Chemist: 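Got a structure here, written out as structure tokens. Questions coming.
All values reported here derive from a predicted model rather than from experimental measurement.
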Amino acid sequence: MRKAFMVICLCLSASAALAQLQALNVNTGSWEVTEVSSVNASLPPEMQAMLSRLPPAQQEAMKQRFGGAPQTNTYKSCITQSDLAKTPFENPKEKCEWTTRTSTGTDMVLRGTCEAGNRGGERANIDMRIHVIDAQNATGTVQLNAGAANGATMNTNATFTGRWVGPACDK
């Protein structure tokens, strides 16, 4: 009897926790997401020395990209019904693993880890917040922190807006 009572309590607790995670109330299909981000990176001395040997135009491009200047990126995202309860609006080029912290019909808080860098093995920690304005519009913020074994660090802050394009996704 005691074991049966414990099993019932565990099942009720688990279903209550799952009930708190609601899918976002947005249309499924094709979305256009515009992200404005600023990246600040610090490099170890040996990498700074390598950068100082680049031509001035390339040095300036690196400063623009990693020195905090805002960068705008627009991409398409295909959102399915199952995405609404986990990771909508994710950039399809990113390789991330996400955990939904909280989710209501209008707000979602996610924590993720993503591959950082081209060599693999380096990971970035990401916090994302999504707010639904209406079924066809959403906004959000992203904070990313990454560190490499060589001492390099990268911090990114971003905001994004998502706009529903239509029910069919591009193939």
Chemist: Check for me, please, whether Val39 and Leu51 land in the same ILVMFWY cluster - side-chain distances under 4.5 Å, paths through other members count.
Modeler: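 Yes: a chain of side-chain contacts under 4.5 Å links Val39 to Leu51.
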Chemist: Taking C-beta and beyond as the side chain, do Asp83 and Gln81 meet within less than 4.5 Å on heavy atoms?
Modeler: no
Chemist: Could you see if Leu84 belongs to whatever hydrophobic cluster contains Ile133? Use Ile, Leu, Val, Met, Phe, Trp, Tyr and a side-chain cutoff under 4.5 Å.
Modeler: no
Chemist: Over all heavy atoms of both residues, which pair between Gln59 and Leu54 is shortest? Give the atoms and the distance, please.
Modeler: NE2-O, 2.7 Å
Chemist: Step by step, work out the side-chain hydrogen bond (donor to acceptor under 3.5 Å, both in side chains) result for Arg123 and Thr113.
Modeler: CA-CA 6 Å; Arg123 305 293 287 169; Thr113 57; 3.2 Å; yes
Chemist: Is the backbone N or O of Ser37 less than 3.5 Å from a side-chain atom of Gln71, with the two atoms forming a donor-acceptor pair by type?
Modeler: no
Chemist: Using distance only, find each side-chain donor-acceptor pair of residues 23-36 under 3.5 Å and give its atom names and separation, not counting sequence neighbours.
Modeler:
residue	atom	partner	partner atom	Å
Trp31	NE1	Asn27	O	2.8
Glu32	OE1	Arg163	NH2	3.3
Thr34	OG1	Thr74	OG1	3.3

Chemist: According to side chain to side chain donor-acceptor pair (under 3.5 Å), who are the partners of Asn73, at least two apart in sequence or on a separate chain?
Modeler: none
Chemist: Measure the OG1-CG distance between Thr99 and Leu110 for me, rounded to the nearest 0.5 Å.
Modeler: 8.5 Å
Chemist: Going by salt bridge (Lys or Arg N to Asp or Glu O under 4.0 Å), name the pairs with one or both residues in residues 100-113, residues two or more places apart or in two chains.
Modeler: Arg111-Asp127
Chemist: Which residue pairs pass the disulfide (SG to SG under 2.5 Å) test when at least one of the two sits in residues 28-108, sequence neighbours left out?
Modeler: Cys78-Cys169, Cys96-Cys114
Chemist: For Thr153, give me all partners under side chain to side chain donor-acceptor pair (under 3.5 Å), at least two apart in sequence or on another chain.
Modeler: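 If we apply the side chain to side chain donor-acceptor pair (under 3.5 Å) test to Thr153, skipping adjacent residues, the hits are Ser42.
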Chemist: Which residues satisfy the side chain to side chain donor-acceptor pair (under 3.5 Å) test with Glu60, sequence neighbours excluded?
Modeler: Gln64
Chemist: Output yes when a side-chain donor or acceptor of Thr104 lies under 3.5 Å from a complementary backbone atom of Thr106, and no otherwise.
Modeler: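 It does hold such a pair.
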Chemist: Any salt bridge (Lys or Arg N to Asp or Glu O under 4.0 Å) involving residues 145-157? Give me the pairs, sequence neighbours left out, ordered by first then second residue.
Modeler: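 Residue pairs passing salt bridge (Lys or Arg N to Asp or Glu O under 4.0 Å), neighbours aside: none found.
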Chemist: Can you name the residues that form a side chain to side chain contact (heavy atoms under 4.5 Å, CB included) with Asp134, not counting sequence neighbours?
Modeler: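 Checked Asp134 against side chain to side chain contact (heavy atoms under 4.5 Å, CB included); matches are Gln136, Asn137.
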Chemist: Hey, what do you get for NE2 (His131) to CE (Met108), rounding to the nearest 0.5 Å?
Modeler: 13.5 Å
Chemist: Do Lys76 and Val165 come close enough that some side-chain heavy atom pair is under 4.5 Å?
Modeler: yes
Chemist: If you round to the nearest 0.5 Å, how far is OG1 of Thr102 from CD of Gln22?
Modeler: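 It comes to 10.5 Å.
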Chemist: In chain order, what residues pass the side chain to side chain donor-acceptor pair (under 3.5 Å) check against Ser82, with sequence neighbours excluded?
Modeler: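 For Ser82, the residues satisfying side chain to side chain donor-acceptor pair (under 3.5 Å) (neighbours in sequence not counted) are Thr80.
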Chemist: Enumerate the residue pairs fulfilling salt bridge (Lys or Arg N to Asp or Glu O under 4.0 Å) with a member in residues 41-52, sequence neighbours excluded, ordered by first and then second residue.
Modeler: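 The answer is none; no pair qualifies.
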Chemist: Can you give me every donor-acceptor pair (side chain of residues 154-161, partner residue at least two apart or in another chain, under 3.5 Å) with its distance?
Modeler:
none

